[in-house]
Amino acid sequence: MNIKKISTQPFNDQKPGTSGLRKKVKVFQQPNYLENFVQSFFDTLSVPQHAVLVVGGDGRYHNRQAIQTIIQMAAANGFARVIVGQSGILSTPAASHMIRKYKTFGGMVLSASHNQGGIDGDFGIKYNIGNGGPAPEKITDAVFAKSQIISEYRIADLPEVDIDTLGEFKLGEGDDAFIVQVIDAVKDYADLMQDLFDFPAIHQLLVDGFEMKFDAMHAVTGPYAKEIFVNRLAAPVESLMNCEPSEDFGGGHPDPNLTYAEDLVKIMFAGENALDFGAASDGDGDRNMILGQNFFVTPSDSLAVLAANATLVPAYANGIAGVARSMPTSGAVDRVAQKLNVPCFETPTGWKFFGNLMDAGKVTLCGEESFGTSSSHVREKDGLWAVLFWLNIIAVKKMGVEAIMKAHWLEYGRNVYSRHDYESIPTDAANGVIAHIKSQFDTLPGQKFGSYTVKVCDDFSYHDPIDGSVSSNQGIRILFTDGSRIVFRLSGTGTEGATLRVYLEAFEPDSAKHHLDAQVALAEMIQIALQISQLVDRTGRTAPTVIT
Ligand code: G16
């Protein structure tokens, strides 16, 4: 094999964010940009002999070219085998499953997740370690440091590999052989789901006329959804929409929320004509949104419902070890954990923080307000898993989504919750908002705002109980005396300017008020958030871009 050493210059912007490196496609298309980042990973990880790498992506624009480059670089950096999802398509949870199932050294997932695709959209790359989860900060920090001093990368002179046909491409013999194996990742993943959930019960539910719609948003879960819902659960094909992956996600924004999953939301909020159940997942298939008939389930509530009903699912019939949620996620699951008498951990935003807890057997279910929920069956969040979990609960309880949610609130009280996103605002203005709030840390405690009094405020820090690492500056918390709170955070996944997230939460024990719309119930708190942050004056924005 002819291995070339190519001289290169560092790029100064290769610091991974909340989940890998995400940039505009055109940034990734610059000569050596992807290569520098990949080589920085390989150098940091010191690849052992006979190592195997999983590679795939969400099918967005630039996916196929990037896969060929990574194959050539893996060959030049000592990997013995690269396992690729057929046509380069691999959802994030399926990649995590493959790394675990085939015990590979790690995997590279090419995705900018819920960000838009196409030539003018975003591209991204993240590295998952041998446990199947996102690389922890100590690795991504080291990779960034390496990317700042890189002077050369290694790449093999290989012909383009056919990644559309199942099978093996082999170069060389014996110990020196390099193999690219193209596999059917859909089957592996569908088998795993069938092991976890009560498929006969879900099948019966669908046969009995329960009407559902799953929206793959033209992204990676389409083929998985066809196999699971239509082929294995016998749902009618009309139960699926937008299930053909496209390089630009049909021109849409593959983010399963009330704003961007507009077509599904219309179907599910059609009054009497609304279906029983609706769900959507994102670009790389790790996010999920759950809808009932004219009803939206917040991701925080969804996590709480899954935890409270876990024993209805065969895989969790013996109970769960514990739960974890990211800091901005509501405390709804904390109440469930308390009742179940299992631990509940609060981590920073980012799935990578759950890996240690799962590996140590301390938690079974994890979730984030950002439409992510999953369990220790993989080390990523898992969109279709969450959808099947809800269907399993509905099938066993024989109750609809809204009825399940309202019964849950009656038992535990309701953590009324909403997130307001201000997307693509100038970075200076966003930093100004955060600095302004921080400057009030000494004076806010004790201050009264309408019916709320500030108890304490801080910038969240996490001390990992397993490896002792500390992650600071993870979001500003303003905690009120009655347990309500406002959190301000800058997103680590955007690629244009800054995205400021405002998370609002208030506990409502009174069931007579549980039906209230969150925006109405949180109206006073929304005004307090604007007052404390001076957000309108400092950003010029009078309304959020997305409300969930
Ligand atoms: C990523 C991470 C999640 C995180 C989310 C939002 O999700 O994997 O853990 O909660 O971003 O992060 P931020 O608030 O910093 O934008 P995904 O689905 O984009 O990979």
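Small disclaimer: the values here were computed from a predicted structure and weren't measured. In each ligand, atom 1 is the first atom listed, and ligand 1 is the first ligand listed.
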(message) Taking distance alone, with N or O pairs closer than 3.5 Å, would you say R419 contacts ligand 1?
(response) no

(request) Look at ligand 1 and say whether S326 reaches it with a heavy atom at a distance under 4.0 Å. (result) no

(message) Quick test: of every protein heavy atom, which one is nearest to atom 20 (O) of ligand 1, and how far off is it to 0.1 Å?
(response) R22 NH2, 2.9 Å

(message) I'd like to know if D215 and K213 make a salt bridge, using a cut-off of under 4.0 Å between side-chain N and carboxylate O.
(response) no

(message) Could you identify the single nearest non-hydrogen protein atom to atom 11 (O) of ligand 1 and state the distance to 0.1 Å?
(response) T493 CG2, 3.3 Å

(request) Output the list of atoms in ligand 1 that are nearer than 4.0 Å to some heavy atom of G350, sorted by atom number. (result) 9 (O)

(request) Indicate yes or no: does D284 engage K126 in a salt bridge with an N to O separation below 4.0 Å. (result) yes

(message) Side chain or backbone, does H114 bring an N or O within less than 3.5 Å of an N or O on ligand 1?
(response) yes

(message) Centroid separation under 6.0 Å, is that true for the rings of F37 and F41?
(response) yes

(request) For G492, counting its heavy atoms only, list the atoms of ligand 1 lying under 4.0 Å from any of them. (result) 13 (P), 15 (O), 16 (O)

(request) Output yes when R477 and D459 qualify as a salt bridge under the 4.0 Å nitrogen-oxygen rule, no when they do not. (result) no

(message) Check this for me: does any side-chain nitrogen of one of D120 and K26 sit under 4.0 Å from a carboxylate oxygen of the other?
(response) yes

(request) Tell me which part of T18 gets within contact of ligand 1: side chain, backbone, both or neither, using heavy atoms under 4.0 Å. (result) side chain

(request) Could you tell me whether R489 approaches ligand 1 through its side chain, its backbone, both or neither, with non-hydrogen atoms closer than 4.0 Å? (result) side chain

(request) Give the contacting part of N115 toward ligand 1: side chain, backbone, both or neither, where contact means a heavy-atom distance below 4.0 Å. (result) neither

(message) Does ligand 1 come near enough to K126 that some N or O of the ligand is less than 3.5 Å from an N or O of the residue?
(response) no

(request) Could you tell me how the ring of Y33 sits relative to the ring of F28: parallel (under 30°), tilted (30 to 60°) or perpendicular (over 60°)? (result) perpendicular

(request) Specify the protein heavy atom at minimum distance from atom 9 (O) of ligand 1: its residue, its atom name, and the distance to 0.1 Å. (result) E368 OE1, 2.5 Å

(request) Give the contacting part of D282 toward ligand 1: side chain, backbone, both or neither, where contact means a heavy-atom distance below 4.0 Å. (result) side chain

(message) Check K226 with E244, please: is the shortest side-chain N to carboxylate O separation under 4.0 Å?
(response) yes

(request) Before accepting this row, confirm whether a basic side-chain N of the pair R60/D122 lies closer than 4.0 Å to the acidic partner's carboxylate O. (result) no

(message) According to side-chain hydrogen bond (donor to acceptor under 3.5 Å, both in side chains), does anything in residues 353-366 pair up with another residue at least two apart or in another chain? List the pairs.
(response) N131-D359, N356-D464, N356-D467, D359-R379

(request) Report the residue from V401, I393, V336, V333 that forms a side chain to side chain contact (heavy atoms under 4.5 Å, CB included) with V305. (result) I393

(request) Compute the centroid of each ring, for Y260 and then for F249, and state whether the two points are separated by less than 6.0 Å. (result) no

(request) Identify, by atom number and element, the atoms of ligand 1 in contact range of S19, meaning under 4.0 Å from any of its heavy atoms. (result) 1 (C), 2 (C), 8 (O), 20 (O)

(request) Output the list of atoms in ligand 1 that are nearer than 4.0 Å to some heavy atom of D286, sorted by atom number. (result) 18 (O), 20 (O)

(request) Of the side chain and backbone of Q474, name the one, both, or neither that has a heavy atom under 4.0 Å from an atom of ligand 1. (result) neither

(message) Please check whether L490 reaches ligand 1 - meaning an N/O of the residue sits under 3.5 Å from an N/O of the ligand, judged on distance alone.
(response) no

(request) Number the atoms of ligand 1 from 1 as they appear, then name those within less than 4.0 Å of a heavy atom of S113, with their elements. (result) 17 (P), 18 (O), 19 (O), 20 (O)

(request) Find all atoms of ligand 1 within a distance of less than 4.0 Å from any non-hydrogen atom belonging to R501, and give their numbers and elements. (result) 13 (P), 14 (O), 16 (O)

(request) Note the single closest protein heavy atom to atom 10 (O) of ligand 1, along with its residue, its atom name and the distance in Å. (result) S370 OG, 2.7 Å

(message) Within a 6.0 Å radius of atom CD on E262, are there more than 12 heavy atoms belonging to other residues, nucleotides or ligands?
(response) no

(message) Give the atom numbers and elements of ligand 1 that come within less than 4.0 Å of a heavy atom of T349.
(response) 4 (C), 10 (O), 12 (O)

(request) Examine K381 against ligand 1 and note whether any of their N/O atoms are separated by less than 3.5 Å. (result) yes

(request) For the residue pair Y316 and F389, categorise the inter-ring angle as parallel (less than 30°), tilted (30 to 60°) or perpendicular (more than 60°). (result) parallel

(message) Would you compute the distance between atom CG of L365 and atom CZ of R325 and round it to the nearest 0.5 angstrom?
(response) 14.5 Å

(request) If you have a sec, work out which protein heavy atom is nearest atom 5 (C) of ligand 1 and how many Å separate them, to one decimal? (result) R287 NH2, 3.5 Å

